Protein chains: 2
Amino acid sequence: MPAAIGPSSPWDAVPDLLRARGMRWTPQRRTLIEVLAGIGGHLTGAELVERCRAADPTTTPSTVYRTLDVLEELGFIRHGHGADGREEFHVLPRTAHGHLHCGTCGSSWELGASEVGGLVRALRRGRGFHVDLSHVTIVGQCESCASAESRP
Amino acid sequence: MPAAIGPSSPWDAVPDLLRARGMRWTPQRRTLIEVLAGIGGHLTGAELVERCRAADPTTTPSTVYRTLDVLEELGFIRHGHGADGREEFHVLPRTAHGHLHCGTCGSSWELGASEVGGLVRALRRGRGFHVDLSHVTIVGQCESCASAESRP
DNA sequence: GTCGGTATTGCGACGCCTTGCAACAACAGC
DNA sequence: GCTGTTGTTGCAAGGCGTCGCAATACCGAC
Ligand SMILES: [Mn+2]
Ligand SMILES: [Mn+2]
Ligand SMILES: [Zn+2]
Ligand SMILES: [Zn+2]
């Protein structure tokens with residue numbers, strides 16, 4: 001009788017992907033991946049460290065950040081920076097996107113390829129520059145903050 | 001005989017601008033402004049702290065960063081963030097511009113309003129969002145790094 | 001010129017992230 | 001199963017900023 005097959009997840013491939021590159025599958029990496037698999041969306045590095053520490057109190061920040069680097073190289077996550085420069089990680093992004101961030105109220109929105117496509121193509125054609133869309137964060141003022149300011 | 005009139009500089013207005021807002025003109029602010037007046041272009045916060053310390057060894061980082069905030073509110077400088085999230089200051093920008101940064105070789109270029117204008121207008125019309133152009137840093141790969149990678 | 005209110009400074013502590021290094025432990029090979 | 005190689009970890013230290021707080025000093029008023 002064959003073992004039951006659980007629901008498959010993209011994360012299941014990580015151990016073999018690592019070993020195929022001569023890297024190793026360690027308990028610390030397993031902890032981070034379990035954390036990442038249990039959430040979605042955007043988190044800061046500090047939040048990820050915190051969640052790993054909840055799962056395993058012996059977690060060390062440097063190990064988490066180094067593993068995040070590895071997972072980004074493998075394409076499982078991407079990072080950008082908030083308005084203050086802090087790292088924000090996007091887990092398993094369906095499609096590349098940047099971020100729009102209101103410096104006044106702190107809200108943020110995803111910036112689709114359709115909105116930035118013109119700029120991306122212009123930079124590619126005009127300068128040969130390849131934009132890393134997921135690293136793009138546009139900071140400014142959102143509609144409600146701008147109108148609140150002009151009509152005090 | 002009237003006193004000789006030296007070459008006038010935009011920085012000359014700072015003391016009175018501060019006092020008009022109920023703020024104060026201090027030796028520490030004078031030091032930073034002399035540093036800023038002596039250079040141009042883009043510098044990181046740490047570089048500015050370093051230059052202030054060279055001019056006055058008693059310089060404290062927190063005071064420099066707080067004064068940079070004040071000068072940015074007055075419009076004398078603007079800041080963005082490098083690929084690693086560190087602050088970069090632009091002194092007396094002639095015209096608002098963003099930055100293009102190659103994550104591979106570290107080079108960077110100015111991004112003119114003409115190149116980003118389409119995106120800025122689209123975000124304004126579509127979302128009511130007001131982009132802070134000088135805070136924009138687009139990271140990616142420059143032409144020479146991209147071709148070096150595709151033709152190894 | 002002195003005085004007082006209050007903006008500013010310097011300090012210490014903290015938060016986020018990176019790096020060098022010695023000790024450890026995956027895992028390939030036998 | 002061992003064993004050796006070498007990728008990883010944990011630690012300590014450092015760099016970049018930020019913040020709260022008590023002491024300082026700017027500057028407007030008299
Ligand atoms: Mn910023
Ligand atoms: Mn980055
Ligand atoms: Zn807002
Ligand atoms: Zn390059």
Side-chain angles (χ1 to χ4, degrees), chain A residues 14-33 42-53 55-74 77-89 103 106 135 137 139, chain B residues 14-33 42-53 55-74 77-89 103 106 135 137 139:
Chain A
V14 171
D16 286 341
L17 280 173
L18 289 175
R19 284 188 278 252
R21 296 178 147 219
M23 299 174 162
R24 295 175 186 174
W25 177 238
T26 67
Q28 294 82 354
R29 291 179 172 172
R30 182 161 156 23
T31 298
L32 175 57
I33 284 180
H42 312 73
L43 291 122
T44 65
E47 283 166 346
L48 287 170
V49 170
E50 191 45 47
R51 289 184 189 240
C52 285
R53 207 194 290 283
D56 172 4
T58 71
T59 297
T60 289
S62 54
T63 298
V64 174
Y65 285 107
R66 285 189 282 228
T67 302
L68 287 168
D69 288 345
V70 170
L71 292 176
E72 185 157 12
E73 264 166 53
L74 294 181
I77 59 178
R78 310 295 328 244
H79 86 274
H81 298 265
D84 52 4
R86 278 201 287 239
E87 290 187 315
E88 289 180 353
F89 291 89
H135 196 281
T137 300
V139 178
Chain B
V14 172
D16 286 341
L17 280 173
L18 290 174
R19 284 189 279 251
R21 294 177 150 222
M23 299 174 161
R24 295 175 187 175
W25 178 239
T26 67
Q28 293 83 355
R29 290 180 173 171
R30 182 159 153 32
T31 299
L32 174 56
I33 283 180
H42 312 72
L43 290 122
T44 66
E47 283 165 346
L48 287 170
V49 169
E50 192 44 48
R51 289 185 189 241
C52 285
R53 209 194 289 283
D56 173 3
T58 71
T59 298
T60 290
S62 53
T63 297
V64 174
Y65 285 108
R66 285 188 284 226
T67 302
L68 287 168
D69 287 345
V70 170
L71 292 177
E72 186 157 11
E73 265 166 52
L74 294 181
I77 59 178
R78 309 296 326 242
H79 87 273
H81 298 266
D84 53 3
R86 278 202 286 242
E87 289 187 315
E88 289 180 354
F89 291 89
H135 195 281
T137 300
V139 178

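Keep in mind it's a predicted model, so treat the numbers as computed, not measured. Chain identifiers are assigned alphabetically (A, B, ...) following the order of the sequence lines, protein sequences preceding nucleic acid strands; residue numbering begins at 1 within each chain.
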What nucleotide, of C:dT18, C:dT8, D:dC16, holds the atom closest to the side chain of B:Met23?
C:dT8

Here the distance between atom C1' of C:dT9 and atom CG of B:Asp69, to the nearest Å, is 15 Å

For DNA chain D, which residues of residues 79-86 of chain B approach it to below 4.0 angstrom with any heavy atom?
B:Arg86

Return the nearest nucleotide to the side chain of A:Thr26; candidates are D:dT9, D:dG17, C:dC27.
D:dT9

Checking contacts here: which listed nucleotide (D:dC16, D:dT9, C:dC11) is nearest the side-chain heavy atoms of B:Ser62?
C:dC11

With A:Arg86, which residues qualify under salt bridge (Lys or Arg N to Asp or Glu O under 4.0 Å), at least two apart?
A:Asp84

Using a heavy-atom cut-off of 4.0 Å across all strands, would you classify A:Arg66 as base, sugar-phosphate, or nothing?
base

Of the candidate nucleotides D:dG17, D:dT9, D:dC27, which contains the atom at the shortest distance from the side chain of A:Thr63?
D:dT9

A:Pro15 near the nucleic acid: base, sugar-phosphate alone, or nothing, with a heavy-atom cut-off under 4.0 Å?
nothing

Of the nucleotides C:dG10, C:dT6, C:dA26, which has the atom closest to the B:Arg24 side chain?
C:dT6

Tell me whether B:Asp69 is salt-bridged to B:Arg66, with the criterion being a basic N under 4.0 Å from an acidic carboxylate O.
no

Can you tell me if the side-chain N/O atoms of A:Gln28 get under 4.0 Å from OP1 or OP2 in D:dG10?
yes

